[in-house]
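Accompanying notes for the structure given below.
FYI, the numbering just counts along the sequence from 1. Computation of the quantities below employed the complete heavy-atom set of this structure, encompassing side-chain atoms and omitting hydrogens, waters and symmetry-equivalent molecules.
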Amino acid sequence: REGRTDDDRVWTSRVTDVRNWHTFAIVERRRETGEMNATSSASAEKKGGEKEKLAYTVLAAALSYQFGLVPGDPRSKTFRFIALDEAFARGSDRSTEFALNLFKTMGLQVLVVTPLQKKEVIAPYVQRVALIVRDNDHHSRSVFMKVDEYRERLDASRQAASLARSEPAAVT
């Protein structure tokens, strides 16, 4: 609209950002005593790790509500799958562990697409690995394996690299 371009841009940004679609509040309580530990709301100013924890809690709560999930419920035939694309790439190890524990508690099957930088934190929660490998000609291929096989290959690769470094150079 003529003369209202800035207002329209702000409004468009606000209504197209899904974080503004719902108002929510979270009360965190200590499991042992029921005593309130912390509160959060959609409008609260939070630091990075606190924002991540809040986002993961809201995601798990929304999934739980939408699909009627109850932690520990033996209904194994329900579909509880979520895919997270680089969800943990910039987060702290602590918030990554929080999210993975939360998703495990909810009985969710999680596909994590992430660079290998978080592999040490994510590894205890992983059952299968899919690696996308790109060669010098920029051709990609996928390698799928159980996490135990991945660990074995990784250990063998590390041992080979260590041996290569420790062998003396041939004298000519």
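- Here the closest non-hydrogen pair linking R29 and G34 is NH1-O, 3.1 Å.
- In this structure, V147 and V126 approach most closely via the heavy-atom pair CG1-O, 3.4 Å.
- What you find for D137 and D135 is that their closest heavy atoms are N-OD1, 2.9 Å.
- Hydrophobic clustering (side-chain heavy atoms under 4.5 Å, transitive across Ile, Leu, Val, Met, Phe, Trp, Tyr) groups V129 together with V110.
- In this structure, M145 and R153 approach most closely via the heavy-atom pair CE-NH1, 3.4 Å.
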Trace of the side-chain contact (heavy atoms from CB on, under 4.5 Å) decision for R9 with T5: CA-CA 6 Å; R9 191 175 294 126; T5 305; 3.4 Å; yes
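- The CG atom of D148 sits 10.0 Å away from atom CD of Q127, with the distance rounded to the nearest 0.5 Å.
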Working for side-chain contact (heavy atoms from CB on, under 4.5 Å), residues Y125 and N101: CA-CA 8 Å; Y125 302 89; N101 279 323; 3.0 Å; yes
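- Heavy atoms only, all atoms of each residue included: L59 and L84 are closest at CD2-CD2, 4.2 Å.
- Crowding of R151 atom CZ: a count of heavy atoms from other residues, nucleotides or ligands under 6.0 Å exceeding 12.
- For L102 against Y56, the heavy-atom pair with the smallest separation is CD2-O, 3.5 Å.
- Hydrophobic clustering of Ile, Leu, Val, Met, Phe, Trp and Tyr side chains at less than 4.5 Å, counting indirect connections, keeps V121 apart from V112.
- The CD1 atom of I132 sits 5.5 Å away from atom CZ of F144, with the distance rounded to the nearest 0.5 Å.
- Summarising the geometry, atom CD belonging to E97 is positioned 10.5 Å from atom CD1 belonging to I122; distances are rounded to the nearest 0.5 Å.
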